[in-house]
Amino acid sequence: MTRSDRVLVTGVGAMTPLGADAPSTWAGLLDGRSGVRLLDEGWAADLPVRVAAGLTVDPASLLPRAEARKLDRGEQVAILSAREAWQDAGVPRVEPERCAVVIGTGTGGVLTTLGQDDVFERAGTRGLSPFAVPMLMPNGPAAWVSMDLGARGGARTPVSACASGAEAFALGRDLIRGGQVDVVVAGGVEACLHPFTLAAFAQMKALSTRSADPAAVSRLFDVKRSGFVMGEGAAMMVLERAEFARARGARGYGALAGGAVGSSARHITASDPEGQSWTVASRGPWNGRCATPTWPRRTSGSCTLTPPRRSPATSRRPMRSAG
């Protein structure tokens, strides 16, 4: 990688089950705290899943009432996290056409969709919110953040289940390296804790039904994993072309060295037992850049907590190494 195509991370924002901002979330991670808790509300009494990771603060309480009422919960979280990241980056002075927003989501405004459907069944068309469509559309978070920051370089929304946020960072990096923009606010958001979504994911056998010890339910990369835990929140980063960031004296947390996307083309929900898609994707950022792949010191990827589903033919095969 040359100095001219480096992409730096200059700002971070987050709203998670560990805290209402990035510093409190980071402190929770360092302390080893879990954001997973037992669902003891009445609406969850008959659900097969009794644990979830909800936010510590209602995002609507942090926004003016008039603004909050026209936003889906996911859009509220996205705006708050993006504002934090933008401030953390020092409020970059960038031409609007040279700034883009890329925010991934798996379910979009599903809470609005379900809630407005209930209203429609009860009160008909006249009862629906005039903001229902911009609240439920998956590109809503990216659109609102772009308007909030005045970014006119594009408002993109990768929608690829649990990998949506990771793909947003990869796309943001590509936009900068391709010369289209100098700054990208990139990240992911999800807000879908609802009886229907919990029941639907449980019916698909994707969620863990263990509840004896909520903090120990989510077990990434564990061969004995029992399913994932549904949560809500957002994380945003400000990505900048290195030369642009240096020219304005910005602090850099690090560099986004590479990013690539692959798919197993195998099963709609189960992971590939041979790891072929990971092998292809992890080599993607380095192909054509040097004679042999040069691996960075740290890589991050989207992993699965869905219980393994291996056939007798594949269960005996070792997973192929990504290296």
Side-chain angles (χ1 to χ4, degrees), residues 6-31 33 35 55-64 67-68 71 74-96 98-105 141-156 164-166 168-173 175-177 181-191 232-257 259 298 300:
R6 292 189 74 206
V7 176
L8 301 183
V9 178
T10 60
V12 178
M15 192 169 191
T16 74
L18 289 179
D21 53 25
S24 58
T25 296
W26 182 241
L29 289 172
L30 294 180
D31 290 342
R33 287 190 283 112
L55 293 172
T56 59
V57 177
D58 181 5
S61 68
L62 303 178
L63 294 167
E67 182 180 9
L71 299 171
E75 294 170 341
Q76 295 170 359
V77 178
I79 286 177
L80 290 168
S81 298
R83 286 175 179 173
E84 181 190 4
W86 195 249
Q87 290 293 324
D88 187 47
V91 189
R93 290 189 177 183
V94 57
E95 291 297 323
R98 299 291 296 174
C99 181
V101 175
V102 185
I103 299 177
T105 180
W144 281 112
V145 169
S146 71
M147 289 186 287
D148 192 60
L149 300 179
R152 299 178 186 171
R156 311 285 188 87
S164 301
F169 291 120
L171 177 55
R173 175 181 174 273
L175 290 175
I176 294 175
R177 288 195 61 245
V181 295
D182 296 313
V183 179
V184 175
V185 176
V189 62
E190 214 66 71
E232 59 179 353
M236 303 292 164
M237 291 185 182
V238 176
L239 308 178
E240 296 189 41
R241 184 168 54 85
E243 287 81 356
F244 182 86
R246 278 194 292 268
R248 70 179 189 89
R251 167 207 57 199
Y253 285 104
L256 184 54
R298 172 180 169 80
S300 299

Identify the two heavy atoms, one from [X] and one from [Y], that lie closest to each other, and give their separation to 0.1 Å.
| X | Y | result |
| --- | --- | --- |
| Val101 | Ser146 | CG2-CA, 3.8 Å |
| Ala100 | Leu175 | CB-CD1, 4.2 Å |
| Val181 | Cys99 | CG1-N, 4.1 Å |
| Val145 | Ala82 | CG1-CB, 3.6 Å |
| Glu240 | Pro92 | OE2-CG, 3.9 Å |
| Ala68 | Leu63 | CB-CB, 4.2 Å |

With sequence neighbours left out, write down each residue that passes side-chain contact (heavy atoms from CB on, under 4.5 Å) with [X], or none if nothing qualifies.
| X | value |
| --- | --- |
| Ala168 | Val102, Pro158 |
| Ala143 | none |
| Ala234 | Val77, Ser81, Val189, Met236 |
| Ala247 | none |

Side chain to side chain donor-acceptor pair (under 3.5 Å) involving [X] - partner list, sequence neighbours excluded:
| X | value |
| --- | --- |
| Glu67 | Arg83 |
| Thr56 | none |
| Glu190 | Thr105, Thr107 |
| Thr25 | Thr16 |

Looking at residues at least two apart in the chain, or sitting in another chain, which of them share a salt bridge (charged side-chain N to carboxylate O under 4.0 Å, His left out) with [X]?
| X | result |
| --- | --- |
| Glu84 | none |
| Asp88 | Arg251 |
| Arg33 | none |
| Glu75 | none |

Please check: side-chain N/O of Arg173 versus main-chain N/O of Leu256, any donor-acceptor pairing under 3.5 Å? yes
Once rounded to the nearest 0.5 Å, what's the spacing between atom [atom1] of [X] and atom [atom2] of [Y]?
| X | Y | atom1 | atom2 | result |
| --- | --- | --- | --- | --- |
| Met15 | Ser24 | CE | OG | 9.0 Å |
| Arg98 | Ile176 | CZ | CD1 | 9.5 Å |
| Phe244 | Thr10 | CZ | OG1 | 9.0 Å |

With side chains defined as the heavy atoms from C-beta onward, is the minimum distance between Val9 and Leu239 less than 4.5 Å? yes
Taking the side chain as every heavy atom from C-beta outward, state whether Val94 and Arg248 have any pair of such atoms under 4.5 Å apart. no
